[in-house]
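Computed over heavy atoms, backbone and side chain alike; hydrogens, waters and symmetry mates excluded. Every chain is numbered from 1, with letters handed out A, B, ... down the list of sequences.
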Amino acid sequence: MSIVVFTEKNKAASQIASILSGGHFNRASVESIPVYDFKMNGKEWRIMGLAGHIMGYDFPEQFNNWRECDPAVLLDTPPVKNVTKKPYAAAISLLASGAEEVVLACDFDREGENIGFEAKEIAERVASLPVKRARFSSLSSSEIKKAFSNLVEPDYNMAMSAEARQILDLKMGAAFTRFMTLSIRERARTKGVISIGPCQTPTCGFVYEREKLIKNFKPKDFWKIEALFNSKGADFTGVHRAGNIHEKEKADEIFARIKDCKVGLVDKKSVKEARTNPPYPLNTTEFLKRASKFLGVSPEEALETAEQLYLSGFTSYPRTETNKYADDFDFKSKLIGFSSGIYQKYALIILSSGDINCRNGTKDGHDHPPIHPIKAASKDDIEKSVRMPNAWKVYDLVVRHFLANLMEPALFEKTRLEILVGGEIFDVTGSILTNPGWLDVYPFETKNDKLLPLIEEKDEVDVKELKNTKSETTPPKRLTEAELLTLMDKHGIGTKATAPSHIETNKKRGYFETKGKTISILDTGFTLMDTLDATVPILVQPEIRARIESLIQDVEDGNKSLDAALSEGTMLIKQMYSQLTSSKDAIAARMAGTIVDEQVATDKKNFVGTCPECGRMLHMIKTEKGRFVGCTGYPECKNTYPLPKAGALTVLRSQQCEKGGVAVMKVGNKYNWAVGIGPCFTCDMEKKCFPPEIVGPCPVCDGSMFLIVTKDSRFLGCTNRCGHTQSVPKSGRLTILDRLCEHCGWHILRVKEQKQDAMEFCANRKCPGR
DNA sequence: GCAAGGTC
């Protein structure tokens, strides 16, 4: 008989086995899941890691067909819990049948308690056993040993609070999503799903609120009086003390008084040292924000990359709330690892400074240490083991952040001058980085020096220029992904591990998109939020998550039973649901509008022309077997035309086929195809449809020079094939303009190279004007 | 096909 321990993940299982056994354990495999065996105090121990939740809720089978079930029914249907990871359940049963006691050792949080209860439930199906709980806040040796010598009872309330979350989230998500999707499909043909959820919807809500601010923004005029000074040959600028002046008269009045002044007097000077402290250690949220802000890597990708770096042993566990190191954290051995290679300089600075001081934050989730490097690696090492495009950039950020955290503050010397011009005060500031400290290793945050000439109080300076400029206040900027993460974190939307996936869901649904680092809301997302805001405003706001959160907190605290929380939560969802359904028509009409627009946009690409048989529209049809043009009147009209098998097709709407083809299409970059006729290069109308692009008269015969483009070159040739040729630029996009050269009468060529301005010149290399 | 939460 053995003592069986279940942890939340494999990594924790092996770590705990190693600590409790002093490193003497065997790795076995049960149902191909790793199990760590050892003996302690004469007892047999077996530790297995789960993989997060191994059970999940869903509605019973008969509620699975969306069309056959009123979504409202879901609110009164209790979901059922099923095993979602069969091998783990089988392994638990096997271990439990040979056990005398079970110890739950998952993470010490709500979900961890719940995952433990999943194992408990499966274990109790095969054997009646005492089940205990080991509570630890980190995987350090002392904590683990303490937890296992002070086992406690599993916390039923805590586990049930997570149960309440799962059931309420599912009920709400499924009912609302099905209702929305089905209502819209009554009006618009779409396969898309319009989803709503207690995390994804308020996440989109943040983007929507910002969009509204931008849309409703009214710019205001303001004036600013600036001076350009010069002293000892160096220019520098100052701003009038009034700053942004919102009344034109006031700005004009000040400016009129001083506009002819030529000299300023330095009235006051102060020099102060300023410091910028190194950043706190990285927890998940901070890491994701910085990866987005500094590297332009999306939160989803950043978390996945960090996961891969962790699995390959380069960096620590990426999901942590903690931004402070434990007192006994071993910085020194990590730093020694970096004392060669590209981080050498910084590691040595820290090691040689005597005491190693980290700048700790204040958050302690009692889970894992802040994200830090585990071992030193080169770019090659990383790229060989981790197949993610930004693996090296992410690793480099983690290492640099780790080192920066241990370095000295950056020191600046800030100089402020007050310069009097005609009795008016102008403020001048300068800043010099005197000691870069941590900024040296952290190139992501740049601080530019703003240099001032050496000036003392009572000096006179030249006034080179005075300006009174009008500006407008600018609207707020669109949110960046980093800012969105901050908002989600602040309002408790999602967890450290799920926040990126809520952003991703919104992108997948077509609610918003990212362009670089900024997020723009799309039509569907804006309309959905706007209609929800008008009918069930609580849904668009973080409040919805807070309401459910407070219910489950009551369960955790023992102030409410699971059943009470579920019925209260269901009531809340029902209230919102009835608000939503009461404006079904208005919502569906507006939403269908945005969906129909999308449909038309994609259809437009597929529309080919008018069917000569029945007058309806012809469209392109793609099947597994191939593609062809068919009539939208099918099955009444069975008219079809073949299309070439390969090449991208574009309908050339401005071209008409002279031989009666229903449309002309461009096939790749190669040739044209007349629908109903065939390829244009076999047609006797070819010369008429595609006359050569004449650029000028041939200088040697009576023919004309025209552009000839072959697979690997392009040049000018003569229509009479007289043998005269001229060259044209080999690269860049070439256009023959209608404009003629004033010197020789040839056409002007326009050449546009990527990332360069277009150039225009005469096509004739022998032009007298060239 | 629907949510959010774990982790592989």
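- In this structure, CG of A:D109 is placed 14 Å from C1' of B:dA4, rounded to the nearest angstrom.
- Within the structure, every side-chain polar atom (N or O) of A:T498 is placed at least 4.0 Å from both OP1 and OP2 of B:dA4.
- Candidate nucleotides B:dA4, B:dT7, B:dC2 were compared by shortest atom distance to the side chain of A:P198, and B:dA4 ranks first.
- Look at CD on A:E111: it is 17 Å from P on B:dA3, rounded to the nearest Å.
- Heavy atoms of A:F176 sit nowhere under 4.0 angstrom from any nucleic acid atom.
- Note that A:K146 lies outside the cation-pi zone of A:F136, set by a 6.0 Å cut-off to the ring centre and a 45° limit from the axis.
- If you measure from atom CD of A:E118 to atom C1' of B:dA4, you get 13 Å, rounded to the nearest angstrom.
- In this structure, A:N506 places its CG atom 13 Å from C1' of B:dA4, rounding to the nearest Å.
- Contacts of A:Y310 classified as ring-ring contact (aromatic ring centres under 6.0 Å, His included), with partners at least two apart in sequence or in another chain: A:Y317.
- Residues meeting the side-chain hydrogen bond (donor to acceptor under 3.5 Å, both in side chains) test with A:N506, sequence neighbours left out: none.
- Mapping A:I196 and A:T495 onto DNA chain B by nearest heavy atom places A:I196 closer to the 5' end of the strand.
- Distance A:K81 NZ to B:dG5 C1': 12 Å, rounded to the nearest Å.
- Partners of A:Y36 according to the side-chain hydrogen bond (donor to acceptor under 3.5 Å, both in side chains) rule, which considers only residues two or more places apart in sequence or in another chain, are A:N10.
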Side-chain donor-acceptor contacts of residues 119-126 of chain A below 3.5 Å, not counting sequence neighbours, with atom names and distances?
{"residue": "A:E121", "atom": "OE2", "partner": "A:R125", "partner atom": "NH2", "Å": "3.1"}

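- The side chain of A:S195 has B:dA3 as its nearest neighbour among B:dG1, B:dA3, B:dT7.
- Counting only residues at least two apart or on different chains, the side-chain hydrogen bond (donor to acceptor under 3.5 Å, both in side chains) pairs with a member in residues 172-188 of chain A are A:E186-A:K584.
- Across all strands, A:L74 comes closer than 4.0 Å to no nucleic acid atom at all (heavy-atom distances).
- In this structure, A:Y88 and A:L170 both approach DNA chain B, and ranking their closest nucleotides by distance from the 5' end singles out A:L170.
- Look at NZ on A:K508: it is 10 Å from C1' on B:dG1, rounded to the nearest Å.
- In this structure, A:I184 places its CD1 atom 14 Å from C1' of B:dC2, rounding to the nearest Å.
- Closest to the A:Y317 side chain, of the nucleotides B:dG1, B:dT7, B:dA3, is B:dT7.
- Put simply, the side chain of A:L532 reaches to within 4.5 Å of the side chain of A:I196, judged on heavy atoms.
- Picking from B:dT7, B:dA4, B:dA3 the nucleotide with the shortest atom distance to the side chain of A:R545 gives B:dA4.
- Distance from the side chain of A:H53 is smallest for B:dG5 among the nucleotides B:dG5, B:dT7, B:dC2.
- Close to B:dA3, at under 4.0 Å from its OP1 or OP2, lies no side-chain N or O of A:Q166.
- Within 6.0 Å of atom CD in A:E61, 12 or fewer heavy atoms from other residues, nucleotides or ligands are found, so the atom counts as exposed in its surroundings.
- Nearest to the side-chain atoms of A:N65 among the listed nucleotides B:dA3, B:dG1, B:dT7 stands B:dG1.
- Phosphate proximity of B:dG5 to A:H502: present, with a side-chain N or O under 4.0 Å from OP1 or OP2.
- Rounded to whole Å, atom P of B:dG5 lies 15 Å from atom CD1 of A:I167.
- At least one side-chain heavy atom of A:L50 sits less than 4.5 Å from a side-chain heavy atom of A:I92.
- Counting any heavy atom pair closer than 4.0 Å across all strands shown, A:G56 reaches no nucleic acid atom.
- Here A:R178 does not reach the OP1 or OP2 of B:dG1: none of its side-chain N or O atoms lies under 4.0 Å away.
- Across all strands, A:D107 comes closer than 4.0 Å only to sugar-phosphate atoms, never to a base (heavy-atom distances).
- Of the candidate nucleotides B:dG1, B:dA3, B:dT7, B:dA3 has the atom nearest to the side chain of A:R509.
- Residue contacts shown for A:R165 include a base, since a base heavy atom lies under 4.0 Å away.
- Of the residues in residues 6-13 of chain A, those lying under 4.0 Å from DNA chain B by heavy-atom distance are A:E8, A:K9, A:N10.
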